[in-house]
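Each chain gets a letter, A, B and so on, in the order its sequence line appears, and its residues count up from 1.
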There are 2 protein chains.
Amino acid sequence: MSGPGRQGGADAPEGASARRRTRSGGPATIYDVADLAGVNPSTVSRALGKPGRVSAKTEARIRAAAAELDFRMNPMARALPTGRTNTLGLVVADITNPMVFGVVRGAEQAASQAGFTLVIAESQESGEAEATAIERILPGVDGMVLATTRLSSERIAQLAGQKPVVLINRAVDGVPSVLPDVDTGVRDLVAHLDELGHRTVAFLAGPTASWMSERRWAALLDAAEQRGIAIVEIGPNAPTIDGGREAYRRLRASHATAAIAYNDLMAIGVMQEAAAHGVDVPGELSVAGFDDIFGSELIVPALTTVRAQLVLAGERAVGQLLAMVGANGHDLPDDLLATTLVVRGSTGPAASA
Amino acid sequence: MSGPGRQGGADAPEGASARRRTRSGGPATIYDVADLAGVNPSTVSRALGKPGRVSAKTEARIRAAAAELDFRMNPMARALPTGRTNTLGLVVADITNPMVFGVVRGAEQAASQAGFTLVIAESQESGEAEATAIERILPGVDGMVLATTRLSSERIAQLAGQKPVVLINRAVDGVPSVLPDVDTGVRDLVAHLDELGHRTVAFLAGPTASWMSERRWAALLDAAEQRGIAIVEIGPNAPTIDGGREAYRRLRASHATAAIAYNDLMAIGVMQEAAAHGVDVPGELSVAGFDDIFGSELIVPALTTVRAQLVLAGERAVGQLLAMVGANGHDLPDDLLATTLVVRGSTGPAASA
DNA sequence: CTGAAAGCGCTTACAG
DNA sequence: CTGAAAGCGCTTACAG
């Protein structure tokens, strides 16, 4: 009634007029394009598939016909004979964890830039759910990146035997992975606490199945030993704000003057619980985390943390994957991702014992 | 060397022994299953496709064979004859905006619960990029949800003509959408500010193409007029922390005693800039936002905001979509999603003029 | 450079 | 209830 549209007459959108010339009335296929261009369907396939395998003028005619018909290659049909779907899978533990945002963004960008589609699945921190999600996604992808997976090494190796797999924050023999340089960041963090006079610190571990939690713990153990600092591990805990809150009591019972949480979410939980108990951070308790997620800078005091390059991790992981599926000639650096200690307000001089 | 595995002998994993019985050496197909079960491939298809169309004993035999061969239906092959991919698309403006996390999670859960795969694409706040992303994703999905799209209504209507489309935070004639009850939340927020004595407030708008920014502004205009409160719109602005920071100067120039930002991210930016200028929130300036994202509660003072039900929005959107593609019998409520004013520390009595 | 044919792994009328 | 056949929209040797 009001405004243009609805008419569908002379100036109808391309889509509408294009549809008329179609065999089935549905979207155009290479047969429709072939008809319009006056060539064999196989020639259309070649012209649109890889460039330069068809004479320039034929290709031009075909492209014109394709444009006119608003032709779009059917990815399912293409996948059948080739076995390649042009789709990559990304499975993350908890899509709600700010830590994964960076990974997802990096992965999505790298994938779409290469003309690949990204399918995403969430494991919800459960090995069961993760296995199911992978099962569902596997047949439709050319490869997948597993970020902070909770799967067993055996299962991962088995998956990697079926399709290209790249790991983020997890190492398994024979499976490529993108890993941060944990040691450097941890060493800096422990040095920082040492300088502040902390003699006993606690590590609030993540979930049992978290490889990265163990990795961080191992690095902390080394660094603390070297400096003669007492260190204890408390956990396992859920890698969430609530997990941090729940660990608070045991943390205080340990009499540690500084807490290092498996990730920023847990560190934030500890700070909230401290505030609820009237315990000053960093006056009475220093708190540090890992990752530097959105929010770590907002909380007061702002959180001291070991920053990870999450977007880069996502990018590199799909870069690797693309190389493995033969879709990419990029040179792939396989060094560890640098890690940075970001000192903010949540760490301070050790409370006098 | 160390530990089990590598042998591939008698106790080899299912996958390995299964692969032997396969025609091509690759993954099993229905033909392999048919051979093993001694039936026609079409019977395998029926048995595994829809239940109860094959005799119980045949079905049992087929399932056993399928399990033995570790058979997984090839989704591409299935999609070709049926035209259905069992995949849904989700396109979001900025995957890095905490506001989308909830949507993604809700969508992913609803989709996977229905046995659907979720493909995700990011438009990066650009209509161009969004169009490209949609183009790339469209042929492979049964339908898509567009969250906070920047596309024109015409383009959206056209898309909706090709495949099922459900909108989140956007209304277009004839296209189903999941929308929050903006008016209620806004009314409560304005009442709250009125009670605190604010006589002039500013709205920091989002991007030009944001339907929701206009919607919120319209509701604010109504509510402010009714209460005789002066209101001005400042913008457009990027819907980010930086966007909020950049709007700060114009905000202060307006002499408004309270700022309502298009979203929480912008509100946080305003608060950061206020802090940088030594302006006390809420003593000298009240600030409020929309959505209640992760982080709004962490910042100090905590942010007063109009909470949206993001996870629910994601769930409902794919619920709708599933119904449209005929994959779901759920009854679909189409009421507006309730909105809640969450009063926290960032709003207080109006600074005396 | 281009055509004609076979095949990718399923589904679905059509018979029986 | 089950088989045999055709077809979904592409790609890719194989000829010419």
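Side-chain atoms of A:D142 come within 3.5 Å of backbone atoms of A:T85 as a donor-acceptor pair (strictly under, hydrogens ignored). In this structure, B:K163 contributes its side chain and B:L138 its backbone to a donor-acceptor pair below 3.5 Å. Looking at A:Q320, its side chain never comes within 3.5 Å of a backbone N or O of A:P176 through a donor-acceptor pair.
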Any chance you could encode DNA chain C as dot-bracket? Rule is Watson-Crick or G-U wobble with both distances under 3.5 Å; [ ] for pairs crossing earlier ones, | for another strand. |||.||||||||.|||

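In this structure, CD1 in B:I134 is found 4.5 Å from CG in B:L151, a value given to the nearest 0.5 Å. Rounding to the nearest 0.5 Å places CG of B:L118 at 8.5 Å from CZ of A:R136. Separating the CG atom in A:D35 from the CG atom in A:L69 is a distance of 9.0 Å, to the nearest 0.5 Å. A:S177 OG to A:N169 CG: the interatomic distance, rounded to the nearest 0.5 Å, is 9.0 Å. Expressed to the nearest 0.5 Å, how far OG1 of B:T148 lies from CG of B:L167 amounts to 10.0 Å.
Annotation: proximity of residues 38-46 of chain B to DNA chain D (heavy atom, distance under 4.0 Å) is found for B:V39, B:N40, B:S42, B:T43, B:R46, numbered in ascending order. Contact check of residues 75-85 of chain A against DNA chain C (heavy atom, cut-off under 4.0 Å) returns A:L80, A:P81. Shown for residues 53-64 of chain A: residues whose heavy atoms fall under 4.0 angstrom of DNA chain C, namely A:R53, A:V54, A:S55, A:T58.
A donor-acceptor contact under 3.5 Å is not formed by the side chain of A:Y31 with the base of D:dC8.
Closest approach of A:G140 to A:T87, counting heavy atoms only: O-CB, 3.7 Å. For the residue pair B:A209 and B:R170, the shortest heavy atom distance occurs at O-NH1, 4.4 Å. Among all heavy-atom pairs drawn from B:I62 and B:V33, the shortest one is O-CG1, 3.8 Å.
As a whole-Å value, the separation of A:M73 CE from D:dT12 C1' is 13 Å. Counting to the nearest Å, the P atom of C:dG9 and the CG atom of B:L48 are 16 Å from each other. Atom CG of A:D35 is separated from atom C1' of D:dG9 by 14 Å (rounded to the nearest Å).
In this view, A:R72 and A:D70, B:E135 satisfy the salt bridge (charged side-chain N to carboxylate O under 4.0 Å, His left out) rule, not counting sequence neighbours.
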Just list the side-chain donor-acceptor pairs under 3.5 Å for residues 100-111 of chain B, sequence neighbours left out, or say none.
from, atom 1, to, atom 2, distance (Å)
B:R105, NE, A:E122, OE2, 3.3
B:R105, NH2, A:D94, OD1, 3.1
B:R105, NH2, A:E122, OE2, 2.6

